[in-house]
Each structure stands twice: as structure tokens, then as C-alpha cells.
Amino acid sequence: MIEGGLPAGKRRQGERAAPEHGRLHRGSSRSRTTAAVEGSAPHVRVLLADPQTVVRQGLRRILATDQAIEIVGETGDGRTAVEMAERLQPDVVVMDVALPELNGIDATRWIVERTKRTKVLILTTVTDDMAVRRGLKAGASGYLLKAAEDLDLLKAVKAIARGASSFSPVVSQMLLRGYLGNKGGRSVEDDLALLTDREREVLQHIAEGKVNKAIAAELSISANTVETHRKRIMEKLDLHNTAALVRFAMRKRIVT
């Protein structure tokens with residue numbers, strides 16, 4: 001992994017996660033005072049975003065083995081992850097790519113844009129060039145595979161909190177081979193870049209099988225506006241039916 005950077009700030013004492021989506025594991029005042037006296041690194045406040053409860057539980061157990069790391073909340077969808085990141089201001093969000101409501105890559109972009117201090121570590125099973133390109137361009141500070149060792153995850157979280165980057169060896173090899181460089185010709189994601197943020201949201205909901213009325217309720221817009229977005233998406237991408245939109249979203253890792 002690639003590591004390095006500056007230390008993050010300390011957590012404010014007594015801060016709690018919102019009860020509806022996240023739970024806070026609080027360290028004792030004594031442990032925080034002892035850490036300060038002994039010159040240990042400040043606590044790293046972490047938000048978990050993964051669609052599978054069992055995975056989040058596993059991540060909690062791994063991260064709990066390091067007293068410098070504190071879980072401030074967790075969620076199973078991308079939209080709530082953005083809301084919680086804005087509210088809780090964690091040091092690091094550990095984010096899967098395949099999240100419902102708002103995929104992890106677009107959620108990463110929103111978190112980076114809306115918070116000043118929060119960094120994102122993508123933790124996923126997705127290894128293709130497309131996802132790596134989009135994740136890092138969205139502002140992720142690291143890209144780690146779920147097959148990584150427990151120690152790799154701990155090191156990555158603390159490195160990213162310091163302002164460094166951290167990548168699995170497979171991803172590092174992609175970077176070294178110049179996958180993120182300008183290889184000439186049309187970029188593999190030019191067509192996706194044609195869509196606005198809202199159009200990408202609508203596309204994800206369509207790909208998840210939702211009808212216009214349900215999408216409208218989720219995004220607080222009218223069903224007519226959803227239909228307008230749907231038509232514009234099809235025009236921009238030169239796609240002609242919902243099945244084609246779903247296949248496109250899967251190729252681009254908007255859904256998996």
C-alpha cells in the first residue's frame with residue numbers, strides 16, 4: 001500500500017451518531033487522556049457504508065482491534081452515507097462501490113464536495129479499470145479490495161486519515177501501468193460524463209427497477225420530471241429502452 005501524510009484532528013468529546021442510522025462506539029475519557037499523555041496518534045473517526053449488515057459487523061470487529069480508530073456510525077445506502085458524513089464529519093468513510101439509492105462512487109463525489117475534512121476509502125470487490133478510474137476521479141483517497149488482510153485495512157484507514165493514499169497491490173499496478181493517464185482516443189467513461197449528477201441519480205434508480213412514481217418520491221421531484229430525465233438520458237447515451245439503460249448502468253458499475 002502507498003502511505004504517508006499529516007495527522008488528523010482529534011474527535012470532539014461526547015459526539016454521537018444519529019440513532020436512526022448509526023451507533024457510536026465511545027472510548028472512555030481515561031483512554032483518550034492516556035493516549036494524549038503518551039503521545040499516541042489522535043483517534044480516527046470512521047463511518048462505514050456497506051450494503052451488507054454482516055460485512056459492516058465484520059469491519060467493526062476489525063477496526064475495533066485498534067484503539068486509535070473509532071466507529072461513529074454506519075449505513076447500508078449511499079444517500080444516507082452522504083447525509084451522515086455531512087452531519088458527523090468523520091475523518092474517513094469506508095465505502096463500498098455497490099450501494100443502493102446512490103452508488104458509492106457518486107456518494108464519494110458528494111462527500112468530497114460537501115465536507116472539508118472527510119476522506120473516502122473505497123473498500124470493494126470490484127477490481128475493473130472502470131471502477132478504479134471513476135472512484136479516484138470522484139475524489140477517493142484510497143481503493144482497497146475486500147480480500148485484503150485485516151492489518152492492511154487498519155493501515156489504510158489511518159494512512160488516509162493522515163492525508164495519504166492507500167491502494168491494494170492490484171490497483172497500484174493499474175496506476176503504474178498508466179491506466180489513469182491519457183491513453184489517447186475516446187475515454188471509456190466519456191458517455192457517462194455526458195450525464196448530470198441528477199441524471200446519474202435517476203439512471204441508478206431506473207437500473208434498480210424503480211418506476212417513475214417511486215423515483216419521484218425518492219428524489220422529491222415530479223413523475224413528469226423523472227420522465228424528462230429518462231428521455232434526456234436515452235438521448236445523450238443513444239439508448240432506446242429500459243433494458244439498454246440497465247445494461248449500461250451495470251457496465252459503468254452504477255449498479256452491480
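What you see is a predicted model, and the numbers here were worked out from it, not measured in a lab.
Rounded to the nearest 0.5 angstrom, Gln204 CD and Glu208 CD are separated by 4.5 Å. Atom NE2 of His229 is separated from atom CD1 of Ile206 by 10.0 Å, given to the nearest 0.5 angstrom. One distance of note links CD of Glu149 with NZ of Lys155; it measures 10.5 Å at 0.5 Å rounding. To the nearest 0.5 Å, atom CG of residue Asp197 and atom CD of residue Glu113 are 6.5 Å apart. Rounded to the nearest 0.5 Å, atoms CG (Asn212) and CD1 (Ile221) are 9.0 Å apart. Here CG of Leu237 is found 7.0 Å from CG of Leu194. Values are rounded to the nearest 0.5 Å.
Taking the side chain as every heavy atom from C-beta outward, Lys146 and Asp96 approach each other to under 4.5 Å. The shortest distance between side-chain heavy atoms of Glu218 and Val226 does not fall below 4.5 Å. Thr75 is not listed as a side-chain neighbour of Glu83, based on a closest heavy-atom distance of 4.5 Å or more.
Scanning all heavy atoms of the two residues, the minimum distance from Val82 to Arg114 falls at CG1-NH1, 3.8 Å. Heavy-atom minimum distance, Leu219 versus Val202: CD1-CG2, 3.9 Å. The nearest pair of heavy atoms linking Leu102 to Asp106 is CD1-CB, 3.8 Å. Contact between Ala85 and Thr118 at its shortest, heavy atoms only, is O-OG1, 4.5 Å. Residues Leu99 and Pro51 share a closest heavy-atom pair of CD2-CD, 3.4 Å. Across Leu48 and Leu59, no two heavy atoms sit closer than the pair CD1-CB, 4.1 Å.
Remark: Lys213 NZ is loosely packed, at most 12 non-hydrogen atoms of other residues, nucleotides or ligands lying under 6.0 Å away. Within a 6.0 Å sphere centred on CZ of Arg79, heavy atoms belonging to other residues, nucleotides or ligands number more than 12.
Each of Thr108, Val97, Ile254 was compared with Arg134 under the side chain to side chain contact (heavy atoms under 4.5 Å, CB included) criterion, and only Ile254 meets it.
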**OP:** Could you go through the salt bridge (Lys or Arg N to Asp or Glu O under 4.0 Å) check for Glu201 and Arg198 one step at a time?
**Re:** CA-CA 5 Å; Glu201 283 186 90; Arg198 177 63 87 186; 3.3 Å; yes
Subject >> Test log, rule side chain to side chain contact (heavy atoms under 4.5 Å, CB included), inputs His205 and Glu101 >> reply: CA-CA 7 Å; His205 286 295; Glu101 305 299 333; 3.3 Å; yes
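In this structure a side-chain-to-backbone donor-acceptor pair under 3.5 Å is missing from Ser168 to Val171. Side chain of Ser141 to main chain of Leu121: no donor-acceptor pair is present (N/O by atom type, distance under 3.5 Å, no hydrogens or angles).
Here Asp91 does not pair with Lys119 in a salt bridge; the nearest charged N to carboxylate O distance is not below 4.0 Å.
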